[in-house]
Structures are given as structure tokens and as C-alpha cells.
Amino acid sequence: MIPKNQRIGTTAIVSVRGPLAHHRDPFFDSFEAVRGRVADALAGRPSMVVLDIDSPGGLVAGMLETSDALRSACSAAGVRLEAHIGGQATSAAYALACAAGRIVASPTAVIGSVGVIDALIDATAQDRSLGLAYSIVASGARKSDGLPHAAVSSGAIVAT
């Protein structure tokens, strides 16, 4: 469960916790929910908003838009945006932290590593050993990228 916004003096604290989904989700925090919590915090006219982040990151969809939206909303309100990382802010969570004008991290925090990771499985040798042969029918040049029954091409790796 994501903690509700807190207020310490004129500073609003907005928590970002756990894996991040694009849209509101009953099991994960989301970019949509973070935007909503920051909007709620700004409605209280704080002097500063602190993103209190402890998250391994999440989906790429919505990440950059949220980062831009947080920075823009705080800027338009004339409110400083800072990030505090006590535990973890990696991948998409670090991208949110980067929206802030300043990032403060505890000495044991794990931060950084914005990027994409994916696994392309080439099961063609296994298919051959089982006597299986697949004919891939696709309508686009990159449409079959990532199918385990097609050899992984250098183009698929570059496109990923």
C-alpha cells in the first residue's frame, strides 16, 4: 500500500513505492497515481515537493511523460521539486527522480540504471532436435522479432 501524501511544514512528501505500472493498478504503484499524488500535493500550495522514492522501476510506457509532467507541474506552480532515495531508485524510478532539481540519496541507496532489458530466446536448435520446423508468416520487417521459433538476428537485437 502506498502511503498517503504527508506534509512537514510547507513541504509536501509524495511517496513512490514498489514496481511502477503505466496506469493505476491495485497491486503496483503507477505513473498515473504518482502524477495524481503530486497534483494533490500541489493543490495544498507547498513550498517544495519531495518525491520519497523506494522503487526498482517499472514499465517504460508513461515513464518519460510522467517525468516531464512532474517537472512541468511543479515549475508552473513555482514549487521546487526534489527527490529523496532512502532505498532504491533504479530504472524507471530513477527517471522520475531525474525530474527533480536535486536528488538526495542515503549512503546505502541503490540508484541509477535507466535502460531496457529484454531476453530474446532462440529455440530453433531445440525445435530441430524435436523434429519441428516453423514457417513464420509476418506482415512487417520487425514483426517476428522475439519469436522463440525464429533465429535471433542482429537487426532484432539492434531494434530491441
Side-chain angles (χ1 to χ4, degrees), residues 1-123 140 142-148 152-160:
M1 179 163 191
I2 310 303
K4 294 189 182 302
N5 289 351
Q6 296 177 331
R7 183 88 177 218
I8 299 173
T10 62
T11 300
I13 312 294
V14 176
S15 294
V16 178
R17 295 285 185 272
L20 297 164
H22 187 181
H23 299 290
R24 292 183 195 272
D25 184 285
F27 302 106
F28 301 108
D29 204 349
S30 70
F31 300 124
E32 191 173 77
V34 170
R35 285 193 311 272
R37 290 194 302 273
V38 169
D40 289 346
L42 289 172
R45 299 185 174 193
S47 62
M48 178 170 52
V49 170
V50 174
L51 298 176
D52 183 28
I53 302 172
D54 192 359
S55 168
L59 298 180
V60 71
M63 172 190 68
L64 293 177
E65 296 85 346
T66 298
S67 209
D68 290 343
L70 299 181
R71 183 181 302 115
S72 295
C74 289
S75 179
V79 173
R80 195 168 74 227
L81 177 63
E82 293 194 2
H84 172 263
I85 302 155
Q88 181 178 19
T90 54
S91 196
Y94 185 61
L96 293 185
C98 288
R102 183 176 127 173
I103 299 171
V104 177
S106 74
T108 58
V110 178
I111 62 173
S113 189
V114 176
V116 174
I117 185 168
D118 198 0
L120 299 177
I121 299 169
D122 184 339
R142 305 259 58 103
K143 195 71 173 176
S144 63
D145 287 356
L147 291 178
V152 176
S153 69
S154 59
I157 292 169
V158 170
T160 300

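All residue numbers in this chain count up from 1 along the given sequence.
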Spacing of CZ belonging to R17 relative to CD1 belonging to I2, to within rounding of 0.5 Å:
7.5 Å

Nearest-0.5 Å distance, OG of residue S153 to CG of residue L120:
8.5 Å

Kindly write out the residues that satisfy side-chain hydrogen bond (donor to acceptor under 3.5 Å, both in side chains) with S15, not counting sequence neighbours, or none if the list is empty.
none

Please name all residues satisfying side-chain contact (heavy atoms from CB on, under 4.5 Å) with D40, sequence neighbours left out, ordered by chain then number.
N5

Applying side-chain contact (heavy atoms from CB on, under 4.5 Å), name anything that partners E32, two or more places apart in sequence or on another chain.
H23, R24, S30, R35

Counting only N and O atoms by type, is there a donor-acceptor contact under 3.5 Å from the side chain of T90 to the main-chain atoms of S113?
no

Where [X] and [Y] come nearest, the two heavy atoms and their spacing:
{"X": "D25", "Y": "A21", "value": "CB-CB, 4.3 Å"}
{"X": "G86", "Y": "T108", "value": "O-OG1, 4.4 Å"}
{"X": "V16", "Y": "D29", "value": "CA-OD2, 3.5 Å"}
{"X": "A95", "Y": "S67", "value": "O-OG, 2.8 Å"}
{"X": "P46", "Y": "A41", "value": "CD-O, 3.1 Å"}
{"X": "I53", "Y": "A89", "value": "CG2-CB, 3.7 Å"}

According to the salt bridge (charged side-chain N to carboxylate O under 4.0 Å, His left out) rule, which pairs have a member within residues 41-51, sequence neighbours left out?
none

With the side chain counted from C-beta on, respond yes when L96 and L20 share a heavy-atom pair under 4.5 Å apart, and no when they do not.
yes

For residues 72-85, run the donor-acceptor check on the side chains, cut-off 3.5 Å, and write out each pair with its distance to 0.1 Å, sequence neighbours left out.
unit_1 : atom_1 : unit_2 : atom_2 : d
S72    : OG     : D68    : O      : 3.0
R80    : NE     : E82    : OE2    : 3.0
H84    : ND1    : D52    : OD1    : 3.1

Please tabulate, for side-chain N and O atoms in residues 57-64, each donor-acceptor pair with protein atoms closer than 3.5 Å (sequence neighbours left out).
none

